[in-house]
Structure formats: structure tokens, C-alpha cells
Peer 1: 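After the C-alpha cells below, expect a handful of questions from me.
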Amino acid sequence: MSGSRERVLGRVRAALEDVPADEPAERVPSRTYARSHGAGPALEVLVDRLEEYRALVHRVRPEELAGQVAAVLERRGARRVVVPSGVPGAWLAETDVERVPDSRQDPRSPGELDAVDGAVTGCAVAVAETGTIVLDGSPDQGRRSVTLIPDHHLCVVRADQVVDAVPEAVRLLEPTRPLTWISGPSATSDIELDRVEGVHGPRTLEVLLVAGNG
Amino acid sequence: MSATFLGMPPFPEAARAAVEDSQLRHNLHKATHTIRDKRGQAVGELDDWAELRSEGAAIKEHTLRHLDRYLEQVEESVQRAGGTVHWASDAAEANAIVTRLVHGTGQSDVVKVKSMATQEIELNRALEQAGITAYETDLAELIVQLGQDLPSHILVPAIHLGRARIREIFLEHMARWGVPAPQGLTDDPRALAEAARVHLRERFLNTRTAISGANFVVADSGTTVVLESEGNGRMCLTLPETLISVVGIEKIVPTFDDLEVFMQLLPRSSTGERMNPYTSMWSGVAPGDGPQEFHLVLLDNGRTDVLADTVGRQALRCIRCSACLNACPVYERTGGHAYGSVYPGPIGAILTPQLQGMSSETDRSLPYASSLCGACYEVCPVAIDIPEVLVHLREQAVEGPGRTGEKAMMAGAEAALSSPAALEAAQRAASAVRGAVPRHLPGAASAWTDTRSVPEIPEESFRRWWKKRGEER
Amino acid sequence: MRIALFITCVNDTLFPDTGRAVVELLERLGHEVVFPQGQTCCGQMHYNTGYRRPATKLAVRFVQTFDGADAVVVPSASCAAMIREHYPRLGRSGSRLSRKVAALAPRVYDLTELLVDVLGVTDVDAYYPHRVAYHPTCHGLRMLGLGDRPYRLLRAVRGLDLVEVGRPEECCGFGGTFALKNSDVSTAMGADKARQAVDTGAEVLCMVDNSCLMHVGGILQRQRSGVRVAHIAEILARTETSEAAVSPTTEEADR
């Protein structure tokens with residue numbers, strides 16, 4: 001149907017006869033809106049918003065991270081967790097759960113991912129005001145299915161990755177990477193607008209927010 | 001098995017039945033008010049909402065005015081990123097392309113993410129005829145598909161159904177489509193969501209082809225964007241080997257940075273959340289991560305006709321948030337089915353007649369399905385002046401056949417208002433019969449008097465009083 | 001100030017008391033009211049139903065009739081909105097009509113705008129010892145943006161106990177020919193608004209538009225609710241003297 005391309009483009013051009021030929025096709029954005037809304041100190045706001053979505057959030061100091069990872073996984077009773085290849089070994093230094101490796105070069109199948117108890121990853125950026133964590137498929141965040149199929153997602157967010165609002169986050173992201181924006185666990189409001197958390201994605205999102213000296 | 005909107009009655013007729021359905025009225029009232037209030041809160045949090053809204057409108061308007069250029073740029077960017085771009089001038093072409101692509105994968109099952117574009121072209125029906133089963137995975141779409149029902153809302157397609165009915169549908173029909181509903185299923189939304197999770201789990205893990213729409217396609221980066229809540233979208237967009245996205249040509253935004261506007265406007269307008277749980281953004285194919293084959297089908301199907309109308313064009317800015325449905329006092333009382341189209345509510349009343357033309361009585365009735373109260377325009381995140389377009393379409397509708405009573409009434413009014421003398425004569429005639437007007441009037445006027453008293457005709461009009469007053473002075 | 005009154009066809013024909021109240025009120029405030037004889041109708045019904053040609057003819061008549069007026073007062077928010085918001089769309093750009101509209105439209109005011117913005121008055125020295133429920137009509141609320149003007153005027157009325165009708169942003173369901181073409185939906189909307197008005201416990205339901213009042217009032221009367229309706233002008237025109245002259249049971253007929 002190669003003719004369709006020309007047909008559609010031809011119709012579009014015919015429909016736009018009223019647009020002056022010299023109107024610039026490049027748009028200069030006005031961007032009069034705010035870069036951020038000053039909702040408060042970013043880390044506090046992020047915690048507040050994530051908790052509102054029923055995510056579990058723990059604030060930890062850098063030296064406590066490995067211990068907290070171990071504690072979270074132990075509380076969950078996790079035995080096997082998938083760990084993308086770029087996750088620093090130090091994060092899991094104090095846990096003895098079985099690590100299932102995954103990378104683009106050595107991917108686990110959906111069935112294998114369905115059999116693990118959780119996933120441990122980092123993130124690319126977090127947006128305080130909307131309680132959003134963005135993953136960009138970097139080696140410490142893994143393939144998209146890694147944070148989708150397991151029922152528990154433990155995500156490590158560093159304080160320096162937290163921005164106030166959406167515009168700042170968009171500027172930090174690399175569009176060519178596969179991006180996943182996560183704001184709390186999966187949810188639905190399809191039945192009488194009653195919000196139910198936990199449908200097809202991980203039913204539990206747990207965030208370790210690393211801040212403090214160190 | 002898929003239901004269709006074809007052959008629906010004109011709006012007033014369908015609306016009458018809906019208004020009389022008290023259960024439906026109750027469900028709709030509760031749902032629309034809940035979401036209306038949530039939206040109000042989420043929007044109220046941002047003190048730059050007006051600026052975001054005007055920027056969103058400006059971005060979309062600009063893109064539409066240079067759509068040819070942006071379409072070519074999308075094609076180039078997506079192909080550079082490893083995707084394949086197809087062009088469909090109408091529903092039949094789009095359905096043929098998708099069918100051919102699915103056949104090419106050797107699969108006879110596909111999973112689907114909720115998509116207005118594929119509903120519009122009745123893709124499921126076309127696939128069914130080609131021996132392909134399309135499984136809807138959005139909870140509400142699943143409910144509608146299992147119940148052989150029709151969607152009645154853009155965001156919450158099963159808004160017309162209560163939990164008890166949903167439970168019945170699951171118990172009755174899930175088994176035929178795959179994993180049955182559990183014994184002892186209750187009508188708790190939690191239990192119903194869990195039943196859907198179990199029903200679809202294996203399907204997600206094993207189906208190798210998926211079909212989606214998209215909320216946005218970014219011209220400069222070739223990025224496709226899908227916002228969702230449940231994770232069914234991520235499942236479909238991530239796990240299969242082949243992904244086919246059917247996207248209307250109006251979904252383009254010029255730059256990736258423009259998403260910073262729409263990622264604020266859309267979630268807050270749509271679900272009333274600061275952000276929806278999941279958004280997926282992908283550019284073509286990411287080696288080793290997600291589908292390794294990606295097809296983008298660019299769909300016209302009447303959109304270029306809308307584009308050609310300089311007043312109606314603004315309808316193509318729509319980002320399908322459904323805030324206008326939730327705000328609309330008419331939608332609140334009739335629900336979506338009365339609009340006889342996949343696009344219900346105020347946006348549907350201007351989009352459907354423009355996409356399909358106004359050859360049927362049903363399509364011609366849609367621009368009148370509004371009291372022109374303006375609530376839709378007020379909440380629209382891209383400032384579509386829906387009342388303006390409604391009136392514009394009414395001007396086209398009156399050129400159509402029929403409406404003899406209305407035309408006579410309008411001509412009569414035109415004559416009576418053509419001069420002060422004519423108006424005064426009409427007023428005298430009315431005053432002459434004052435006191436003799438029955439409580440219930442026959443014919444067309446009964447539409448008023450069946451439920452409302454008629455105002456008493458005064459002894460003298462204002463202008464007569466004014467004249468007498470001048471003479472007395 | 002010399003103020004030209006555009007009475008509107010509905011008020012002229014069915015609700016002359018509203019026009020008389022406007023005249024009484026403005027004269028009491030020391031202004032001169034004139035009534036240009038050539039006026040008929042703003043064309044809203046034709047325009048909103050899709051009959052653009054007759055609407056345009058009526059717009060031409062309006063601008064001719066009121067050409068040169070310092071201020072035009074319209075005791076109907078939707079007719080004022082028709083003139084201010086829709087007239088600019090009727091004439092082709094550069095046409096005689098669009099030039100006239102551009103010059104005249106900014107001087108066309110709803111009654112509450114004229115009082116508050118132009119005449120700078122919120123206390124019009126009125127007396128109305130009743131519980132009044134106010135509902136802002138859609139065109140007043142969204143197209144003209146009347147905001148708190150009607151409330152400020154009503155709050156300044158002596159003896160008046162002001163209450164707001166529930167869900168004030170929700171349309172009453174009149175909508176011009178919508179009330180006939182989709183009478184089932186229109187009535188459902190109107191019945192909800194009527195119930196909200198009754199729920200306030202008010203004696204009188206007040207709006208800035210008689211057409212919306214005719215619709216909700218028609219339902220209230222059919223339901224024998226006991227709630228009466230009044231255009232805001234009729235409340236603002238009332239004083240101790242005129243109030244005493246009217247017995248509460250015989251004042252404004254229900255619409």
C-alpha cells in the first residue's frame with residue numbers, strides 16, 4: 001500500500017491550504033509554565049507522594065543501604081531475586097538470597113522471571129512532585145520485563161537523582177532509551193472508580209531513598 | 001463476537017432510554033462526580049495550569065498546521081530507530097495492514113492494549129474474520145469484551161456497569177476465553193481485579209504479538225508513548241516479539257521536550273492523579289529489550305477531513321483524557337452508549353460527525369447533544385472550544401434533510417423578530433390568548449409542557465409599557 | 001450616565017417585570033435609561049441552533065440600533081454573552097459588521113457587570129426580606145465570568161438571606177432549543193437543579209437569566225414546590241416602600 005502514504009500526505013497538504021506558506025514550521029516554545037512548583041523539599045515530597053500511592057518507602061544513609069536491602073528482602077521472605085548486571089554488588093553484600101542475573105546479552109525468559117520473588121534495581125531519575133521513578137534500561141535498571149513480571153520491585157533511588165518536577169526530569173532523559181515511568185504499584189479504577197492497587201505489574205513497589213552524609 | 005455501534009438510534013431517543021434507567025443514572029452520577037472532584041484537586045495543585053494548558057493547545061495546533069512535515073519526520077525517526085512505518089488512509093486499509101502483519105508472525109492470538117484508534121476501525125472484528133483472536137487486556141475492556149458489550153467511556157469503558165454485574169460477567173464468560181473465574185468470586189473490586197490478573201497472566205507470558213495505540217508519537221526522537229495504570233500495557237508493550245501500534249495522525253508532538261507539558265496535562269485531566277502508575281516510552285526497537293519487531297501504522301480514516309475544516313480542526317488536538325465526559329451534565333445523565341459511537345460525550349459529539357460525516361440522522365443529532373453550558377471547554381487540557389465546534393456543526397446539520405418542524409419554527413421566529421412592528425404584532429397576538437393557554441400543549445410544544453409549566457403571558461409587553469410610560473410623562 | 005437598555009425578546013415578551021425593574025433600579029441610582037425602539041432580539045436562538053444567516057441579520061440590527069451607545073445593559077447573561085462572545089465570529093474579518101461589533105461589544109454589559117464595574121456600586125439600597133438561593137447560570141459563569149458580582153450585590157440587600165444552590169457550576173439543562181430537542185435530558189438536569197434549590201430551604205430562586213429561570217421555575221411550579229423564582233433585577237429594584245406594596249403571596253408569578 002505504498003500509494004497510501006502519498007494519498008494521506010496529499011490529503012493533509014490539501015487540508016492545510018489556509019496555512020500561509022511562509023509560516024515557520026519550527027515552533028519556538030513559549031514555556032511560560034513553571035519548571036517546578038515548589039511543593040517543598042524534594043525528598044520529603046517524593047516520600048509523601050510515593051506513600052500516597054501505597055508504595056513502601058525507607059530513607060536510608062549510604063552506609064545502611066546493604067543492610068536495608070537485606071532487611072527488605074528478608075521481610076518479604078524472598079529467596080530468589082533478579083538482579084540486572086549493572087547493579088552494584090555492594091547493594092546486595094549483606095543478603096544471601098539467590099541472585100538471578102539478567103542483561104540484554106543474557107536475558108531470562110518471561111517464565112523464568114515469573115518464578116523469582118522480586119527484582120532489585122536502581123533508577124535514572126525520580127520526580128518528587130508526582131512521586132515518579134523513571135527507569136531507562138541502563139545496566140543497573142535492566143530490561144523492562146525485569147521490573148514488570150516479578151511481584152516485588154525494590155528500587156534504590158539516590159538523593160541526587162531526585163528532581164522537583166516533570167520538566168526537569170524530561171530534560172535529563174535520553175529519548176532513544178526504553179523509558180518506564182513508575183508512580184506506585186500497578187492500579188486500576190475500572191470498577192466503579194474504586195482504586196485497587198496491584199493488578200498486572202508488581203503489586204509491591206518498595207523504594208530505598210539513599211541520602212545523608214557519605 | 002465483537003459488538004458494534006452501527007445502527008444506533010439518534011441521540012434524543014437513545015438518551016431517553018438511558019435517562020429512565022435508574023441503575024445506570026446512579027452508576028454514572030457516582031463515577032463522574034468522583035472523577036470530576038479528583039481532577040479538580042489534581043489540577044488545582046498546579047498554579048501554572050493555565051500556562052500549561054495554553055502551551056499544550058499551542059503545541060498541538062502548531063503540529064496540525066504543519067502535519068505533513070511532522071508525519072514525514074515521524075516516519076524517518078521511527079525507521080532510523082529500527083521500526084517500520086505503514087500508512088493507512090482508512091479503516092479497511094489499517095485493518096488489512098494489521099491482519100497481514102499478524103499473519104506474518106504465524107500467530108493466531110494477539111494481546112491488545114486499550115486503544116481508541118483500534119476501536120474506531122473495529123480492528124477486533126476484522127481480525128476475527130481473518131481467524132485471529134484479539135484479547136483485550138485492560139480490565140474495563142476485558143469486561144466489555146467478555147460481556148459482548150460496548151465501551152461507554154474513553155477512559156473507563158465499563159463505567160456503566162456496577163460490581164455485581166461485572167462479577168456475573170466474569171463467572172459466566174471467563175472460562176470460554178481462558179482461565180476461568182475462581183469459585184466463590186465476590187464482587188469486591190479487589191477480588192475482581194485479582195481474577196483478571198490470574199485470567200490474563202499466562203496469556204501475557206506466552207503471546208508473541210501485541211497491538212496497541214499510543215497517546216503520543218514524538219517527531220524528533222521517534223518515541224511512542226503509552227500511559228496506563230494496570231501494567232497490562234507494559235506487559236503487551238514489553239513481552240511479545242512483535243508490537244504493532246495503530247496511531248491516528250493527530251497524535252504527533254514535535255519534540256521529546258514537549259512531553260513535559262503533556263505528562264502534566266494528561267494524567268491530571270484524565271484520572272485526576274498527579275501521575276498515572278505506568279508510562280512506557282520507546283523509540284523503534286531496543287536490541288535485547290522488548291519487542292524486536294515494531295510496526296507503526298499511521299491512520300487517517302477521516303482525520304484529514306477534520307483537518308480541512310478550519311473551525312473543526314481543533315478537535316484533532318484532543319489527547320483523549322475524557323475530562324469533558326466527566327464534566328458534562330448531559331453525559332452524566334445518558335452515559336456513553338447514547339452517542340452511538342466509540343467517542344462519546346462532548347468530544348464525541350464533535351469528533352464523530354466530523355470523522356464519519358453527517359449522512360445519518362444519528363450523526364446529525366450529535367451536535368445537538370449539548371446544552372452548550374461550556375463545562376467541557378473549561379476542563380479541556382488543550383482548550384478545544386467544544387461549544388464553538390458544536391454550533392459550527394449544527395450549521396452543517398441544518399443543511400441536511402428533514403427538520404421541517406424546526407425550520408418552520410425558525411422561519412416563524414425570524415419573521416417575528418425581523419422588525420419591532422412584527423415583534424409587537426406577535427406580542428399582541430400572544431396577549432390576546434393569555435389565560436387560554438392550556439397546561440399541556442400538543443405536538444412539538446409538549447416537549448416543554450410534559451414536565452414544565454408554561455410562563456403566563458403578560459398583559460402587556462415591556463415595549464408597550466415603555467411606550468405608554470413615555471406618553472404619560 | 002445614559003444607559004441604553006437591550007431588553008431581549010424573551011424579557012420583552014414574557015417577563016416585562018424584569019425590564020421595569022431594571023429601569024426602576026437604574027433611575028433610582030440616578031441614571032438615565034433609554035430604550036432604542038429598533039431592537040428585537042440578539043439572535044442567540046438562531047445562532048445556537050445552527051441558523052447562522054438569520055442570527056447575522058439580527059446582529060446587524062443590534063449594532064445599528066445601539067450604534068454609539070455609551071453603555072448597553074442586558075438583563076440576561078446569555079444574551080450579553082451572545083453579543084460579546086459570538087458576534088465577533090459572525091462578520092467576515094474586515095467587514096462592516098465586524099468593525100461595528102469590535103467597537104460596540106466591549107460596551108455591552110450584563111446588569112451585574114454594569115452595576116459593579118461601570119457604575120461602581122454594590123449596595124443599591126434594596127430591601128428584600130427573604131431567603132434567596134442564587135444559581136449562577138452557565139453563560140454568566142463561564143462566558144462572561146461574572147464571578148462574585150451577583151453575590152456582592154445580593155449580599156448588600158437588606159433583609160436578604162443568601163444561600164447558594166448545590167453544585168453551582170452544573171447546568172440547569174435549559175440550553176435554548178436543547179430544552180425541546182432533548183427534553184428528557186433537559187428535564188432530568190432541571191429536576192436535579194430544582195431539587196437542589198428546594199434543598200436550600202429558600203423561598204426564592206434567583207438567577208441572572210429569565211430563560212434558565214423559566215425552565216427550572218416551570219419544573220418547580222409543576223412540582224408545586226413552593227419555591228418562587230425571581231430575576232436578580234427584580235430583587236435589586238425592591239425597596240422598603242415597594243416591598244410593603246406587594247403582598248408576599250401575590251408577587252412575581254412563578255415562571
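Residue numbers start from 1 in every chain, and the chains themselves are labelled A, B, ... in the order their sequence lines are given, proteins ahead of strands.
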Peer 1: Does anything in residues 183-202 of chain A reach chain B? List residues with heavy atoms under 4.5 Å apart, or say none.
Peer 2: A:Ser183, A:Gly184, A:Pro185, A:Ser186, A:Ala187, A:Thr188, A:Ser189, A:Asp190, A:Ile191, A:Glu192, A:Leu193, A:Asp194, A:Arg195, A:Val196, A:Glu197, A:Val199, A:His200, A:Gly201, A:Pro202
Peer 1: Using heavy-atom distances under 4.5 Å, tell me whether B:Thr137 contacts chain A through its side chain, its backbone, both, or neither.
Peer 2: backbone
Peer 1: Is A:Ser36 close to chain B through its backbone or its side chain, or both, or neither, when contacts mean heavy atoms under 4.5 Å?
Peer 2: neither
Peer 1: Run the numbers on A:Tyr53 and B:Glu273 for side chain to side chain donor-acceptor pair (under 3.5 Å), then give the verdict.
Peer 2: CA-CA 10 Å; A:Tyr53 296 137; B:Glu273 294 167 302; over 6 Å; no
Peer 1: Is it the side chain or the backbone of A:Ile149 that comes within 4.5 Å of chain B heavy atoms, both, or neither?
Peer 2: both
Peer 1: Which one, A:Leu205, A:Val166, A:Leu148, A:Thr130, leads in non-hydrogen pairs under 4.5 Å with chain B?
Peer 2: A:Leu148
Peer 1: Under 4.5 Å from any heavy atom of chain A, what part of B:Ile166 do you find: side chain, backbone, both or neither?
Peer 2: side chain
Peer 1: Please classify the contact between B:Ala50 and chain A as side chain, backbone, both or neither, with a heavy-atom cut-off of under 4.5 Å.
Peer 2: neither
Peer 1: Answer yes or no: does atom CD of A:Glu74 have more than 12 heavy-atom neighbours from other residues, nucleotides or ligands under 6.0 Å?
Peer 2: no
Peer 1: Keeping B:Asp48 on the side-chain end and A:Ala34 on the backbone end, is there a donor-acceptor pair under 3.5 Å?
Peer 2: yes
Peer 1: Any residues in residues 169-182 of chain A near chain B, with a heavy-atom distance under 4.5 Å, and which are they?
Peer 2: A:Val170, A:Arg171, A:Leu173, A:Pro175, A:Thr176, A:Arg177, A:Pro178, A:Leu179, A:Thr180, A:Trp181, A:Ile182
Peer 1: Considering residues, nucleotides and ligands other than B:Arg201, do more than 12 of their heavy atoms fall under 6.0 Å from its CZ?
Peer 2: yes
Peer 1: Is chain A contacted by the side chain of B:Thr223, its backbone, both, or neither, given a heavy-atom distance below 4.5 Å?
Peer 2: side chain
Peer 1: Residue by residue, scan residues 21-32 of chain A and write down, ordered by number, those that have a heavy-atom distance under 4.5 Å to chain B; if none do, write 'none'.
Peer 2: A:Glu23, A:Pro24, A:Ala25, A:Glu26, A:Arg27, A:Pro29, A:Ser30, A:Arg31, A:Thr32
Peer 1: Atom CH2 in B:Trp87, atom CZ in A:Arg7: separation rounded to 0.5 Å?
Peer 2: 12.5 Å
Peer 1: Report the distance from atom CG of A:Leu9 to atom CD of B:Glu72, rounding to the nearest 0.5 Å.
Peer 2: 5.5 Å
Peer 1: When you measure from the side chain of A:Arg144 to the backbone of B:Asp289, do you find a donor-acceptor pair of N or O atoms at a distance under 3.5 Å?
Peer 2: yes
Peer 1: Just to be sure I understand the criterion: a residue of residues 108-127 of chain A counts if one of its heavy atoms is under 4.5 Å from a heavy atom of chain B. Which ones qualify?
Peer 2: A:Pro110, A:Asp114
Peer 1: Carefully, step by step, assess A:Arg5 and B:Asp300 under the rule salt bridge (charged side-chain N to carboxylate O under 4.0 Å, His left out).
Peer 2: CA-CA 10 Å; A:Arg5 179 184 189 277; B:Asp300 179 350; over 6 Å; no
Peer 1: Tell me, for B:Arg313 versus chain A, whether the close heavy atoms (under 4.5 Å) come from the side chain, the backbone, both or neither.
Peer 2: side chain
Peer 1: Is there a donor-acceptor contact under 3.5 Å linking the side chains of B:Arg274 and A:Thr132?
Peer 2: no
Peer 1: Is B:Ala88 close to chain A through its backbone or its side chain, or both, or neither, when contacts mean heavy atoms under 4.5 Å?
Peer 2: backbone
Peer 1: Under a 4.5 Å heavy-atom cut-off, does chain B meet the side chain of A:Glu129, its backbone, both or neither?
Peer 2: both
